[in-house]
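Right, one structure below, let's go through it.
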Amino acid sequence: WLVLNTNLSASDLSFRNLFREWNNFDQEVIKEDNISGKAAVEMVFQAPFDLRTGIQKKEIFSKVHVKIEDGALKNVSTFKSITESLKTSSARLILKKHNINNFEKKLLDLRFETLENTFVIQNGRLEIPLMQIKSNALNVETFGWHTFDNQIDYHFAFEFRDLFEKPVETEFGIEADDGSGVKIFMRMHGTIDNPII
C-alpha cells in the first residue's frame, strides 16, 4: 500500500458535474440531481491506498474549505423527514397544516446565496462545524457529523416564527417583527435511512 497526499484549490466548480463525475461521493443522501451551484474549494487530502482494495476510507484525513454561491438543494429526502416529523408531532397543533406544507415546499426547493464552511473528514466520518445557512426557507444554525456508513448526528437551531407564512398586509398595515421569539433546537440522529428527530 501507499499513502496519497494532495492539496487542491479550485474555483468555479459546478456541483452537479462534480457529484456526477465522483459518483455522488459514494452516498445516497444528496445526489447530482439534488444539488446545484458554483463552488470554490481548497482541500488537503491524505489517505492510505491499498493496491488490492483501493482507498482505505476509514483512514482518510481531509480538511475541505468550501464556499458555495447561488446554491440549491432540491428534493432532499432528509428534509422530507424533518417535515414529516413536524406533521406527526404536537408541533402540528401550533403550526397548522398550511404552514407545514408551505415550509416543506420551500425546504424541498432550498436556495441560498452563499454558504461557507471548513469540513473535516477523519475517523470514517464527515464533521460539520457550526455554520449559519441563510436560505429561502429559513435561517438556520447547524453542526454535526455523518459517518461513511450513514450514522448521523445533526443539530439545528432556528427561529420558530420562520416556520409561519410571512404576514400579509391588512387594513392596519403589515405586522412588524420585533426580533424576539422562541428559538427551536432540533436534533436528527440515528441512521440516514431511519432518522430520529
Side-chain angles (χ1 to χ4, degrees), residues 1-82 84 107-133 135 140-156 186-197:
W1 60 274
L2 52 99
V3 175
L4 300 174
N5 283 294
T6 188
N7 292 337
L8 168 77
S9 182
S11 60
D12 205 30
L13 291 172
S14 163
F15 256 115
R16 181 166 284 138
N17 292 341
L18 184 67
F19 272 61
R20 183 182 304 117
E21 290 169 11
W22 283 80
N23 195 28
N24 294 305
F25 296 95
D26 216 13
Q27 52 85 40
E28 298 289 322
V29 179
I30 298 175
K31 299 175 85 172
E32 64 189 76
D33 295 333
N34 303 116
I35 193 166
S36 64
K38 295 288 184 186
V41 177
E42 290 184 19
M43 178 176 74
V44 174
F45 178 89
Q46 177 180 341
F49 183 86
D50 186 312
L51 294 171
R52 293 165 301 213
T53 58
I55 290 178
Q56 304 301 299
K57 291 182 183 178
K58 294 213 177 204
E59 301 299 319
I60 292 173
F61 174 79
S62 185
K63 234 182 197 178
V64 186
H65 181 81
V66 178
K67 182 176 183 179
I68 305 167
E69 294 181 332
D70 296 322
L73 293 170
K74 220 170 170 58
N75 300 318
V76 175
S77 60
T78 306
F79 295 160
K80 183 78 171 166
S81 297
I82 291 171
E84 288 302 319
L107 209 53
L108 293 178
D109 189 14
L110 189 70
R111 300 184 180 279
F112 49 89
E113 285 184 32
T114 304
L115 186 146
E116 188 170 7
N117 204 349
T118 300
F119 305 99
V120 176
I121 300 171
Q122 63 185 348
N123 302 321
R125 73 182 194 178
L126 168 68
E127 297 173 6
I128 303 165
L130 181 64
M131 63 189 293
Q132 289 190 336
I133 302 171
S135 73
V140 64
E141 293 177 349
T142 186
F143 68 93
W145 51 261
H146 188 135
T147 68
F148 290 168
D149 57 358
N150 286 324
Q151 298 290 317
I152 58 170
D153 191 5
Y154 290 119
H155 299 257
F156 307 95
M186 182 183 289
R187 179 181 182 210
M188 182 175 11
H189 61 104
T191 65
I192 201 66
D193 295 325
N194 191 20
I196 300 163
I197 299 174

Hey, does the side chain of Gln56 reach the backbone of Gly54 with a donor-acceptor pair shorter than 3.5 angstrom? yes
Nearest 0.5 Å, please: how far is CG in Asn150 from CG in Asn194? 12.5 Å
Inter-residue atom distance Leu2.CG - Phe49.CZ, 0.5 Å rounding: 6.5 Å
Looking only at non-hydrogen atoms, find the nearest pair between Phe148 and Ile121 and report the distance. CZ-CG2, 3.5 Å
Of the non-hydrogen atoms in Leu107 and Phe79, which two are nearest, and what is the gap between them? O-CD1, 3.4 Å
Taking side chain as C-beta onward, heavy atoms only, is Trp145 less than 4.5 Å from Asn123? no
Pair Val3, Asn5 - check side-chain contact (heavy atoms from CB on, under 4.5 Å), show working. CA-CA 6 Å; Val3 175; Asn5 283 294; 3.7 Å; yes
Nearest-0.5 Å distance, CZ of residue Arg20 to OG of residue Ser14: 7.5 Å
Decide whether Thr147 and Asp149 meet the rule of one side-chain donor and one side-chain acceptor closer than 3.5 Å. yes
Under 3.5 Å, is there a donor-acceptor pair between the side chain of Asn34 and the main chain of Asn75? yes
Minimum-distance pair of heavy atoms, taken over all atoms of Val44 and Ser62: O-OG, 2.8 Å
Testing the 3.5 Å rule here: is there a donor-acceptor pair between the side chains of His65 and Glu116? yes
For Ile197 and Ser81 the tightest heavy-atom approach is CD1-O, 3.4 Å
Check whether any side-chain heavy atom of Tyr154 sits under 4.5 Å from a side-chain heavy atom of Met186, and report yes or no. no
Below 4.0 angstrom, N of the basic side chain to O of the carboxylate: do Asp50 and Arg52 qualify? yes
Return the minimal non-hydrogen interatomic distance between Met131 and Phe119, and the atom names on each side. SD-CE2, 4.4 Å
Using every non-hydrogen atom in the two residues, find where Asn117 and Leu130 come nearest and quote the distance to one decimal. ND2-O, 4.1 Å
What do you reckon, is CD of Glu113 surrounded by more than 12 foreign heavy atoms closer than 6.0 Å? no
Roughly how far, to the nearest 0.5 Å, is the CD1 atom of Ile55 from the CZ atom of Phe45? 4.5 Å
Using 0.5 Å steps for rounding, measure from the CZ atom of Arg16 to the CD1 atom of Ile35. 9.0 Å
Distance (rounded to the nearest 0.5 Å) between Ile133 CD1 and Leu115 CG: 5.0 Å
More than 12 heavy atoms of other residues, nucleotides or ligands under 6.0 Å from NZ of Lys38: is that the case? yes
Sequence neighbours left out, what passes ring-ring contact (aromatic ring centres under 6.0 Å, His included) with Phe143? Give chain and number order. His155
